[in-house]
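Notes for the one structure printed next.
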Amino acid sequence: MVGFHPLARCAPGGYTSLAVAGARRSQTTMGQGAGVPIWDEQGETMSRDRLEALQVERLRQTVAACHERVPLYRAALDERGIGPAEVTSLADLTRLPFTTKDDFRTTYPFGLFAVPLDEVVEVHSSSGTTGTPVVGGYTRADLDTWAELVARFASAAGVVRGDVAQVAFGYGMFTGGFGLHYGLQRVGALVVPHSAGNTQRQIQFMQDFGTTVLICTPSYALHLGEAVARAGVRERLALRLGLFGAEACSDALRARIEERWGISATDNYGLTEVIGPGVAGECEFKDGMHIAEDHFIVEVIDPVSGAPVADGEPGELVITSLTKQCSPVLRYRTRDLSRVTRERCPCGRTTVRMHKVIGRTDDMFIVSGVNVFPSTIESVLFQIEGLEPHYEIVLQRKGALDTFIVRVEVDEKLFNGWLDDLVAFERQVTETLRSALLVRPKVQLVEAGSLSRSEGKARRVIDERESD
Ligand code: DLL
């Protein structure tokens with residue numbers, strides 16, 4: 001990545017919004033939109049002036065806690081000559097130091113905690129497949145905040161008391177299972193804590209318990225949907241909503257899932273370092289995820305220079321927590337690329353919205369000087385008739401040259417048809433990808449069902465370059 005700007009010369013992602021139908025029962029306050037339930041009217045519809053005053057006040061408290069109780073933050077703040085007294089407006093935010101994943105790793109496991117251990121009641125961690133895991137801790141009050149934040153996006157997506165919500169995220173160190181569990185119970189749903197995997201049993205419980213809401217990664221939703229179709233039991237299910245998160249879900253993938261399941265699917269975003277799920281989530285208008293701004297300040301910066309970018313421009317999300325007691329974060333560099341909009345949403349919420357994550361600065365790869373995001377490849381593939389929504393990208397190195405293979409499943413009918421047709425189709429897919437990405441991949445069309453399926457976060461990119 002050195003020498004290349006992650007956002008230069010990459011094809012833009014599309015952000016079309018899909019309309020959602022369906023009037024909903026609601027026991028919460030209604031927004032100004034089409035009968036949108038707003039879980040926390042006060043927190044979600046505040047005027048800008050009030051919100052910013054609250055943010056400054058909470059930012060000052062957070063900086064005070066970090067300075068007083070976390071040596072790593074104290075050193076960084078002292079070095080910049082800034083303490084809580086200097087935080088008098090939101091403009092002071094940019095004077096604060098950035099926090100990175102490395103800071104979590106060098107202080108592993110509890111070095112960033114701002115409360116004594118006997119006040120910590122729960123910890124979670126990221127999978128740690130790429131190094132030392134990062135750990136987030138929660139006090140009782142943090143768990144309460146977390147439940148509220150998840151309840152916000154769950155009810156914005158249409159979940160109400162009486163729903164039967166099956167959580168197919170992993171329970172354990174991953175924040176997805178427990179975070180959704182707490183929030184959905186807060187809304188009043190009956191929670192089925194199934195956890196990830198065991199697809200046949202998921203389907204059995206969905207039928208037996210009358211599951212109305214499915215919670216998992218979008219890739220697992222696809223996999224589960226295929227298994228339901230194979231079992232021929234879709235009509236026996238009461239499913240109407242999908243709350244998907246933890247990995248990128250392009251609009252094209254969402255459309256496939258909604259069509260196959262016949263449900264309304266929403267996206268939600270979060271990360272272990274910050275709290276887990278609950279940072280942002282879509283409302284029924286599905287045009288960006290509402291950021292819980294009374295709990296987090298989200299900046300968008302140029303990932304190379306660190307300078308802020310204008311609203312609407314893509315950049316790296318940087319998140320500061322405002323209410324987290326156990327592990328507060330100052331200007332955390334997420335490595336997630338997205339953009340924000342301040343335009344008012346018809347739902348009535350006044351919060352800034354972040355668009356779908358375009359990719360991660362560390363996901364992006366460079367071929368012939370062009371930056372390629374896996375999410376762009378996905379968006380293109382999923383719009384081509386005849387392709388199945390399962391693919392993988394293999395990165396290879398030939399001499400000094402990086403190349404990539406896009407392996408994608410094809411509709412059974414096409415695969416079992418004429419070879420000439422298949423070859424022509426492969427050429428068409430290659431050409432479509434080339435014109436969208438500005439570089440030519442090697443495309444391999446493979447039989448439906450032949451690529452591996454994931455039960456959690458899908459692993460789409462296989463990097464074979466190191467082993468050369
Ligand atoms: O994935 C938290 C979560 C759980 C969010 C359940 C939503 C639902 P981590 O395992 O720490 O935490 O992974 C965080 O996942 O930096 C993003 O790169 C990615 N990610 C999370 N949500 C989304 C999303 C959870 N909606 C990392 N779209 C983040 C795209 C997402 N990427």
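Start at 1 and go down the list; that is how both ligands and their atoms are numbered. Here the structure is a predicted model, which means the values were calculated and not measured.
A salt bridge does not link E293 with R152: none of the charged nitrogens is closer than 4.0 Å to a carboxylate oxygen. Taking a cutoff of 4.0 Å between a charged side-chain nitrogen and a carboxylate oxygen, R453 and E409 qualify as a salt bridge. Between D144 and R186, at least one side-chain nitrogen of the basic residue sits less than 4.0 Å from a carboxylate oxygen of the acidic one, meeting the salt-bridge criterion. Ion pairing between R254 and E282 holds under the 4.0 Å rule for side-chain N and carboxylate O.
Close approach to F169 involves these atoms of ligand 1, each under 4.0 Å from a residue heavy atom: 6 (C), 8 (C). For ligand 1 and D267, the ligand atoms under 4.0 Å from any heavy atom of the residue are 24 (C), 26 (N).
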Side chain to side chain donor-acceptor pair (under 3.5 Å) assessment of S454 paired with S219: CA-CA 7 Å; S454 92; S219 52; 3.2 Å; yes

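Of all protein heavy atoms, the one closest to atom 29 (C) of ligand 1 is D336 OD2, 3.2 Å. Scanning the protein heavy atoms around atom 26 (N) of ligand 1, the nearest turns out to be N268 O, 2.6 Å. Closest to atom 27 (C) of ligand 1 among all protein heavy atoms lies K457 NZ, 3.9 Å. Protein heavy atom closest to atom 24 (C) of ligand 1, with residue, atom name and distance, is E247 O, 3.6 Å. Given atom 19 (C) of ligand 1, the protein heavy atom at minimum distance is A246 O, 3.6 Å. Of all protein heavy atoms, the one closest to atom 25 (C) of ligand 1 is G270 O, 3.6 Å.
Residue contacts with ligand 1 for T272 involve both N, CA, C or O and side-chain atoms from C-beta outward (heavy atoms, distance under 4.0 Å). Residue contacts with ligand 1 for F174 involve side-chain atoms from C-beta outward but no N, CA, C or O (heavy atoms, distance under 4.0 Å). For T175, every heavy-atom contact with ligand 1 shorter than 4.0 Å involves the side chain, none the backbone.
Taking all atoms of both residues into account, the shortest heavy-atom contact from L337 to P303 is CD2-CG, 4.1 Å.
Checked by distance only, ligand 1 and R360 come closer than 3.5 Å through their nitrogen or oxygen atoms.
How far CZ of R360 is from CG of L317: 10.5 Å, rounded to the nearest 0.5 Å.
Note that K457 lies outside the cation-pi zone of F169, set by a 6.0 Å cut-off to the ring centre and a 45° limit from the axis.
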